[in-house]
Engineer: 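Starting off with a structure, shown below.
Everything numeric here is computed off the predicted structure, so don't read it as measured data. Quick note on labels: first sequence line is chain A, next is B, and so on, each numbered from 1.
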4 protein chains.
Amino acid sequence: MTALVREPIETHRQDDDPRQRARGRPRDEVARKRILEAALELVEELGFAAITTDAIAERAGASKATIYRWWPNKAAVLIEALREAVAQETPFPDTGSLREDVRIQLRDFIKLLTGRRGRLFKALVAAAQNDLELAATFRAVWMAPRRAVAKAGLERHRGRELKKDADLDLIMDALYGPLYFRLLAGHRSLTEKLADELADTVLEGIRKR
Amino acid sequence: MTALVREPIETHRQDDDPRQRARGRPRDEVARKRILEAALELVEELGFAAITTDAIAERAGASKATIYRWWPNKAAVLIEALREAVAQETPFPDTGSLREDVRIQLRDFIKLLTGRRGRLFKALVAAAQNDLELAATFRAVWMAPRRAVAKAGLERHRGRELKKDADLDLIMDALYGPLYFRLLAGHRSLTEKLADELADTVLEGIRKR
Amino acid sequence: MTALVREPIETHRQDDDPRQRARGRPRDEVARKRILEAALELVEELGFAAITTDAIAERAGASKATIYRWWPNKAAVLIEALREAVAQETPFPDTGSLREDVRIQLRDFIKLLTGRRGRLFKALVAAAQNDLELAATFRAVWMAPRRAVAKAGLERHRGRELKKDADLDLIMDALYGPLYFRLLAGHRSLTEKLADELADTVLEGIRKR
Amino acid sequence: MTALVREPIETHRQDDDPRQRARGRPRDEVARKRILEAALELVEELGFAAITTDAIAERAGASKATIYRWWPNKAAVLIEALREAVAQETPFPDTGSLREDVRIQLRDFIKLLTGRRGRLFKALVAAAQNDLELAATFRAVWMAPRRAVAKAGLERHRGRELKKDADLDLIMDALYGPLYFRLLAGHRSLTEKLADELADTVLEGIRKR
DNA sequence: ATCTAATCGAGACGGTACGTCGAGTCTTCCC
DNA sequence: GGGAAGACTCGACGTACCGTCTCGATTAGAT
């Protein structure tokens with residue numbers, strides 16, 4: 001999955017024993033950060049298609065070779081940028097009310113998609129259509145963790161507000177799918193009202209009676 | 001919208017007065033068909049990334065100039081290919097039962113997405129993320145007509161199985177969004193079971209009580 | 001030999017039947033000339049190592065792709081430039097006197113090597129050391145024709161001023177070798193005096209007695 | 001001239017007062033030897049074009065930094081390798097016969113050029129065309145000493161077999177130039193027969209009568 | 001039966017970005 | 001302070017695709 005993050009010729013890794021450092025000049029963490037930032041800025045300003053590896057390198061004050069040493073292509077850079085940017089994500093809320101939890105969560109997500117990051121999402125989903133490895137990485141880095149959290153959040157309500165046999169994967173697709181759909185197809189806007197109505201509609205269909 | 005379909009330098013057009021033909025050699029309809037077919041085949045075989053204008057031209061036995069005379073870019077070719085390919089679309093069913101209508105419709109759509117055409121959809125949605133005009137055309141050519149039909153199909157049930165104030169746009173997004181989502185994100189497969197459960201879940205949430 | 005001059009996918013060639021033109025857009029002869037000129041100018045101004053394919057393209061107002069379509073590398077461009085530049089070469093003189101013929105010829109050659117073209121020669125001989133095909137082309141395009149002419153010029157004197165069994169190849173190497181040597185090694189300058197003395201020394205050794 | 005041999009940041013040097021050694025770890029002579037050997041092997045095996053600093057370092061088990069600490073560029077490494085390799089050169093013979101002396105000397109030289117070292121010469125002469133300093137070093141390290149020896153060898157015969165006013169520089173160019181010429185242009189092979197005939201031809205032209 | 005206009009296949013063109021490679025420098029730890 | 005390891009910047013490389021263009025050859029209606 002994380003093969004998108006190159007590990008050339010057995011280099012240092014932070015999950016190793018911290019006492020035992022790799023030999024040779026260590027990776028320049030500052031450059032790494034600058035590259036990720038530059039990529040992020042450029043996508044948000046110009047969109048994915050308009051940016052080039054050279055542009056990222058120039059803005060980051062790095063060289064193209066450094067970018068290609070660590071990432072196989074520009075999409076991989078953005079994946080990592082995304083990972084870093086959303087590391088401190090708002091957790092699934094726990095208000096006690098399923099309806100309230102879901103509403104809050106959907107609203108937050110809409111806020112994310114309509115914010116500066118929206119363009120990044122569109123770009124990555126688009127790029128993933130032509131790159132299996134990128135698609136897998138996108139799922140592993142972004143979707144899987146978020147779905148795990150959301151699933152756990154819903155699980156708390158199983159047997160109470162939720163039917164015992166509720167299919168949580170289906171529910172999550174029913175909740176998030178329409179949002180991604182509107183983001184990508186652009187036929188309607190993403191509003192808070194949508195979040196609330198969608199939450200009500202879906203939950204009504206799966207609540208315990 | 002349809003600016004994606006070029007009308008070069010005031011040339012002949014079939015929707016004009018049929019008696020008055022333009023002078024000069026008329027457009028080669030056979031070439032047009034071959035180009036659309038070639039484009040379609042290439043997407044389905046190799047995916048969008050593998051498509052180049054040269055490849056389309058070569059497979060169609062046409063020249064690049066011919067392609068660019070009639071379409072402004074390769075995405076426009078695909079849009080038109082899509083339009084032709086789905087011209088004879090299954091209409092929204094009318095079994096009398098809302099649940100049955102929706103199930104049938106979703107199943108048909110899933111069949112479409114998982115068939116050879118799926119790759120084409122992914123390609124177009126992806127390409128549309130970086131091309132506003134293509135996005136608009138995609139909505140106009142593909143989504144709008146289908147949504148209109150589906151809306152009319154649902155409308156028939158308003159006040160009967162459907163709440164009087166049901167938001168049909170929301171419902172359609174709730175029904176189709178998850179399917180597009182799975183198609184594009186690829187985290188789960190598109191099965192008939194999904195169609196049925198999704199129909200039940202969403203309709204349960206909006207049915208008249 | 002002339003494989004250094006690319007002939008991609010059976011394109012037009014001037015030695016074909018002139019009535020039957022190749023299909024497609026013909027090669028842009030103006031661009032070809034501009035490229036050769038640009039390359040020549042750059043070598044003479046900056047030397048071989050300092051020039052880049054981009055620089056040639058830019059100065060010629062052409063694109064890099066055009067260069068690579070017709071020549072495999074920049075050395076091949078120079079070879080062709082050389083061929084064109086020396087097409088109208090001064091023929092081997094025919095004064096009646098062997099000594100005079102050789103003197104004139106060597107002086108002309110020295111004039112060539114010490115002129116603007118000298119740099120080009122150095123560059124090509126240097127580049128040929130790392131490129132077998134280029135080396136072969138250099139010999140075929142430049143050396144072989146000149147040697148043939150010179151050989152014929154010497155042949156006229158065989159049995160008269162020249163021994164009957166004189167090894168003309170050896171003689172030519174004895175005459176030209178030292179000039180190339182000084183050009184490439186740079187330990188001494190190339191002067192007219194050298195031409196005369198060299199002619200006398202070598203001819204003395206091979207004249208009929 | 002010897003600027004090609006770096007003397008970095010005022011470090012120890014063996015020609016200083018031997019009692020006073022520089023501080024710190026002394027230069028690793030083993031590494032130096034391995035680097036020179038590696039460079040030599042690579043030129044002889046693969047030619048100059050195949051040589052990269054990385055390749056030398058890898059084969060020598062050294063690091064690039066070490067190479068660049070002691071030599072300003074890879075050509076300088078080869079120059080030094082050449083210097084070491086030819087340190088124990090066969091001296092100019094002294095048989096008493098000029099003709100015999102020259103023949104032996106030319107044969108030896110041809111043996112050198114056609115042996116494994118030939119490639120090195122070609123490489124250095126080629127590289128020197130684009131590098132003035134390298135060219136100067138090549139002349140100083142390789143050509144000058146050999147020419148001095150040869151000149152002395154010829155000088156012994158002046159007034160005896162040689163004309164009193166013979167131009168020894170010219171003679172040496174007439175003798176060695178053709179050999180370099182064939183080496184670099186590759187139009188004919190270097191044989192012992194060539195050595196003998198060349199010696200006879202040139203000497204005939206300059207001998208005392 | 002020409003003439004005129006627009007199309008067609010072929011393929012060369014200028015341009016832009018790609019991903020790679022080598023040169024030479026710098027930074028870390030180890031000895 | 002030297003050395004191995006290896007990351008870094010810089011700049012050129014040769015390739016690929018884009019969308020445009022320029023040919024000769026076709027194919028029609030207009031004259």
Engineer: Can you find an N or O donor on one side and an acceptor on the other, under 3.5 Å apart, linking the side chain of A/Arg25 with the base of E/dC26?
Structural biologist: yes
Engineer: Measure distances between side-chain N and O atoms of B/Lys64 and base N and O atoms of F/dG19, and say whether any donor-acceptor pair falls under 3.5 Å.
Structural biologist: yes
Engineer: Is a donor on one side and an acceptor on the other found under 3.5 Å between the side chain of A/Thr66 and the backbone of A/Ala62?
Structural biologist: no
Engineer: Below 4.0 angstrom from OP1 or OP2 of E/dA17, is there any side-chain N or O of A/Thr52?
Structural biologist: no
Engineer: Specify the separation, in whole Å, of atom CG of D/Asp54 and atom P of F/dA4.
Structural biologist: 14 Å
Engineer: Let me know the distance between CD1 of D/Ile67 and P of F/dG2, rounded to the nearest Å.
Structural biologist: 16 Å
Engineer: Got a sec: does the CG of D/Leu46 have more than 12 other heavy atoms crowding it under 6.0 Å?
Structural biologist: yes
Engineer: Do any side-chain nitrogens or oxygens of C/Tyr68 fall under 4.0 Å of OP1 or OP2 in F/dG14?
Structural biologist: yes
Engineer: D/Arg34 or C/Ile51: which one's nearest nucleotide on DNA chain F is closer to the 5' end?
Structural biologist: D/Arg34
Engineer: Measure the distance from CD on A/Glu29 to P on E/dC26 and round it to the nearest whole Å.
Structural biologist: 21 Å
Engineer: Starting at CD of C/Glu58 and ending at C1' of E/dT16, how long is that distance when rounded to a whole Å?
Structural biologist: 14 Å
Engineer: Roughly how many Å is it from CH2 in C/Trp71 to P in F/dC13, rounded to a whole number?
Structural biologist: 15 Å
Engineer: Where each residue is assigned the nucleotide of DNA chain F containing its nearest heavy atom, which of D/Asp28 and C/Ala50 is assigned the position nearer the 5′ end?
Structural biologist: D/Asp28
Engineer: Do the side-chain N or O atoms of A/Trp70 get closer than 4.0 angstrom to the phosphate oxygens (OP1, OP2) of F/dC8?
Structural biologist: yes
Engineer: Between F/dA4 atom C1' and D/Arg59 atom CZ, what is the distance in whole Å?
Structural biologist: 19 Å
Engineer: Looking at DNA chain F, which of residues 39-46 of chain D put a heavy atom within less than 4.0 Å of it?
Structural biologist: none
Engineer: Give A/Thr66 one of three labels, base, sugar-phosphate or nothing, depending on what nucleic acid heavy atoms sit under 4.0 Å from its own.
Structural biologist: base
Engineer: Can you see if the side chain of B/Lys74 gets near the phosphate of F/dG19 - specifically, an N or O under 4.0 Å from OP1 or OP2?
Structural biologist: no
Engineer: Of all the choices, E/dC8, E/dA12, F/dC18, which nucleotide is nearest to the side chain of C/Arg27 once you look at every atom?
Structural biologist: E/dA12
Engineer: Give B/Ala62 one of three labels, base, sugar-phosphate or nothing, depending on what nucleic acid heavy atoms sit under 4.0 Å from its own.
Structural biologist: sugar-phosphate
Engineer: Can you find a donor-acceptor pair, distance only, under 3.5 Å between D/Ser63 side chain and F/dA4 base?
Structural biologist: yes
Engineer: When we call it a touch if two heavy atoms are under 4.0 Å apart, what does B/Ile35 touch: a base, just sugar-phosphate, or nothing?
Structural biologist: nothing
Engineer: A/Arg32 CZ to F/dC8 P: how many Å, rounded?
Structural biologist: 11 Å
Engineer: Is any side-chain N or O of C/Arg69 closer than 4.0 Å to OP1 or OP2 of E/dA12?
Structural biologist: yes
Engineer: Throw together a table of side-chain donor-acceptor distances under 3.5 angstrom for residues 36-44 of chain D, partners on residues two or more places apart or in other chains.
Structural biologist:
{"unit_1": "D/Glu41", "atom_1": "OE1", "unit_2": "D/Arg59", "atom_2": "NH1", "d": "2.7"}
{"unit_1": "D/Glu44", "atom_1": "OE1", "unit_2": "D/Arg116", "atom_2": "NH1", "d": "2.8"}
{"unit_1": "D/Glu44", "atom_1": "OE2", "unit_2": "D/Arg117", "atom_2": "NH1", "d": "2.3"}

Engineer: Does the D/Gln129 side chain pair with the main chain of D/Val125, one donor and one acceptor, at a distance under 3.5 Å?
Structural biologist: yes
Engineer: Closest to the B/Asn73 side chain: F/dG19, E/dC26, E/dA23?
Structural biologist: F/dG19
Engineer: Can D/Arg32 be said to sit on top of D/Trp70's aromatic six-ring, NZ or CZ under 6.0 Å from centre and within 45° of the ring axis?
Structural biologist: no
Engineer: Taking 4.0 Å as the cut-off, does a side-chain nitrogen or oxygen of A/Arg23 come that near to OP1 or OP2 on E/dC31?
Structural biologist: no
Engineer: With sequence neighbours excluded, tell me which residues meet side-chain hydrogen bond (donor to acceptor under 3.5 Å, both in side chains) with D/Arg34.
Structural biologist: none
Engineer: State, yes or no, whether a side-chain contact exists between C/Asn73 and C/Asp131 at a heavy-atom distance under 4.5 Å.
Structural biologist: yes
Engineer: Compute both the distance and the angle, then confirm whether C/Lys74 meets the cation-pi test with C/Phe48: under 6.0 Å from the six-membered ring centre, within 45 degrees of the axis.
Structural biologist: yes
